[in-house]
Amino acid sequence: MNRVPKKEAWAYYFGIFGQNLSCALMMNWFMNFCTDVLYVEGYIIGIVLGIARVWDSVNDPIIGTVIDRHRFKNGEKFRPLLRATPIFIGIIIVLLFTDWGFQGDLPKAIYVLILYLAYDMIFTVQDVSMWSMTSVMTDSPDEREHLSQWGRIFAAFGFGAVGMFPTVMDALLQQGVERKWIYLGGAVVFGVGGMAISMLSSKAKERIQTTEETTATSFKENLKMLFSNKIVMLVLLGNILNGLSLTVPAQYFFEHKVSANLLGEEVGGLTIMTMFYAFAYMFNGVGMFFTAKISQKIGGMKNVLIWANVVTVVMRVIAFLIGFEGNRIWFAMIVFGIGSIPGSMFGIARTALWGDSIDYMEWKTGKRAEAITFAAQTFCDKISTALNTVIAGALLSILAYDAEAVANGAELSQQFHTWIWPLFMLGPAIGAVLYIIPLLFIKYPKELKEQVTAELRERRGQITE
């Protein structure tokens, strides 16, 4: 029996779509804005963003605990936060993507650090609340997997929609529009617009509401519960290890190294980047629609995660061997797209495992801690992203990348020409291999999952609308 009406579920999905419009802009383009508009050295912005993300990740368990321990007057924990946070996030994104004319790397770095910390902390409140909803909208594991699946599909659509940004940038740059105005326009459209759409997620209902008996009473107890949850700990370890990928953001590779002929017309690198990832997202959609069924076929979401990473590694190696010069980029794009089919199942499988782990935690301890569990996911995502960012910034400096010099007519370094392709294509494969190792130790068979679900339903009684 489905407990979540379709109208409510669709509002929740579109809220996730909107959130990921702004999230994709920040994750994929803010570092490039800092190097190519603010002209901050790669290693400096890498360190600044790395510090911001590490510091904010430290606060994630605290934020999760505060959310877990606080209930609004109507008994809810998450919905009111989903209504309030988007307003502040949208404003901060616009401020971050504005060139205020600061001189010198230090003033720029301080400004970015302060505002980015504010953005990340408020975004954490929204993100933890949004994904925690999957565990309280229904008590059915199958329906929760369905919510996770479609939530991740809409998240991918949000990320994919921002894929049009480089093509728009390519066209506007050719028309003489300054790069800083293009970024500011993107902040308004994707940042503010995305956050406005994200408010739809607050229409979802919290059907499993915690009581004094099922709520952890302290930060220490929350952490103890979290660390005793082996499923969460192993997945989180994999997340952190994934951050050790030796790679750089895609736009540096595409803008400076890629051009190809399409139907007799020479196509620029940023436009090809849009096509490259649009093609991959088409295959993403294919995988996402069948994640739940594939999970049943191969023994659960843990195995989905393992095989998704294995296939990602194999397909990246094949694409690397094909190369990117000239029209080879189209063949590499096809291989990369096919490799995205299992990779697209990654987020769905992980979110479903979180929900299972929260039930398992309640079954063992009698208490639930949704927010800190999803905050732990955000914590490790940010640690992973921080590692990636610091590494990417260091690599750009090692490659002697100087956007200001290039803008003034200087040539790219030989190091850049030699290493940018293997770093772009093979670097993420390193993290994927490392991610697999902890997953091999997760033990949560189907029989135990069914037992946990049945016994929890008996404890809670029938959930009403």
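Counting only heavy atoms from C-beta outward, the side chains of I272 and M333 never approach each other to under 4.5 Å. Looking at L270 and T167, their side chains never come closer than 4.5 Å, going by heavy atoms from C-beta outward. In this structure the side chain of F165 reaches within 4.5 angstrom of the side chain of I182, judged on heavy atoms. I398 is not listed as a side-chain neighbour of F416, based on a closest heavy-atom distance of 4.5 Å or more. Side chains of F33 and M26 form no contact here, defined as non-hydrogen atoms less than 4.5 Å apart. The shortest side-chain heavy-atom distance between Y277 and F254 falls under the 4.5 Å cut-off. Within the 4.5 Å cutoff, side-chain heavy atoms of N303 are placed close to those of I306. Two residues are said to be in side-chain contact when any heavy atoms from C-beta on lie closer than 4.5 Å; M233 and L237 fail this criterion.
Other residues, nucleotides and ligands contribute more than 12 heavy atoms inside 6.0 Å of the OH atom of Y116. Heavy-atom neighbours of W330 CH2 from other residues, nucleotides or ligands within 6.0 Å: above the threshold of 12. The number of heavy-atom neighbours closer than 6.0 Å to CD of E266, taken from other residues, nucleotides and ligands shown, is above 12.
In this structure, E404 does not pair ionically with R179, as no charged nitrogen and carboxylate oxygen lie closer than 4.0 Å.
Among the candidates F324, F424, Y401, W421, the single residue satisfying the ring pair (Phe, Tyr, Trp, His ring centres under 6.0 Å) test with H256 is Y401.
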Quick one, V192 with V94, criterion side chain to side chain contact (heavy atoms under 4.5 Å, CB included). Give me CA distance, side-chain angles, the key distance, then yes/no.
CA-CA 8 Å; V192 177; V94 171; 3.5 Å; yes
Give the intermediate values and the outcome of side chain to side chain contact (heavy atoms under 4.5 Å, CB included) for residues V112 and L38.
CA-CA 10 Å; V112 167; L38 303 183; 4.3 Å; yes
Begin from the C-alpha positions of Y43 and L396 and carry the test side chain to side chain contact (heavy atoms under 4.5 Å, CB included) through to its verdict.
CA-CA 7 Å; Y43 79 92; L396 287 173; over 6 Å; no
Would Y39 and D99 count as a side-chain hydrogen bond (donor to acceptor under 3.5 Å, both in side chains) here? Give the steps.
CA-CA 10 Å; Y39 294 140; D99 180 4; over 6 Å; no
Audit row: L25, F30, side chain to side chain contact (heavy atoms under 4.5 Å, CB included) steps and yes/no
CA-CA 7 Å; L25 183 72; F30 185 64; over 6 Å; no
Under the side-chain hydrogen bond (donor to acceptor under 3.5 Å, both in side chains) criterion, do N32 and W29 qualify, and how do the steps go?
CA-CA 5 Å; N32 186 257; W29 291 98; over 6 Å; no
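In this structure, the side chain of T274 engages the main chain of G163 through a donor-acceptor pair within 3.5 Å. Judged by distance alone, the side chain of T271 and the main-chain N or O of V267 form no donor-acceptor pair under 3.5 Å. For R316 (side chain) and L426 (main-chain N/O), no donor-acceptor pair under 3.5 Å exists by modelled atom type. Between the side chain of N20 and the backbone N or O of C23, no donor-acceptor pair lies under 3.5 Å. Judged by distance alone, with hydrogens and angles left aside, the side-chain atoms of S22 form no donor-acceptor pair with the main-chain N or O of M195 at under 3.5 Å. Using a distance-only test at 3.5 Å, with no hydrogens or angles considered, a donor-acceptor pair links the side chain of Q103 to the main chain of G101. Side-chain atoms of T247 come within 3.5 Å of backbone atoms of L423 as a donor-acceptor pair (strictly under, hydrogens ignored). Proximity of a side-chain donor or acceptor of Y12 to a complementary backbone N or O of M130 within less than 3.5 Å is detected.
Remark: the T98 side chain and the Y183 side chain contain no N/O donor-acceptor pair separated by less than 3.5 Å. Between the side chains of W100 and Y111, at least one donor N or O lies within less than 3.5 Å of an accepting N or O. S198 and Q126 are linked by a side-chain donor-acceptor pair at a separation below 3.5 angstrom, with hydrogens and angles left out of the test.
In terms of heavy atoms, A52 sits closest to L117 at O-CD2, 3.5 Å. Listed here is the closest heavy atom pair of A260 and N327: CB-OD1, 3.8 Å. Across all non-hydrogen atoms, the minimal contact from A24 to V162 is CB-CG2, 3.7 Å.
A distance of 14.0 Å separates CH2 in W131 from CZ in F78, rounded to the nearest 0.5 Å.
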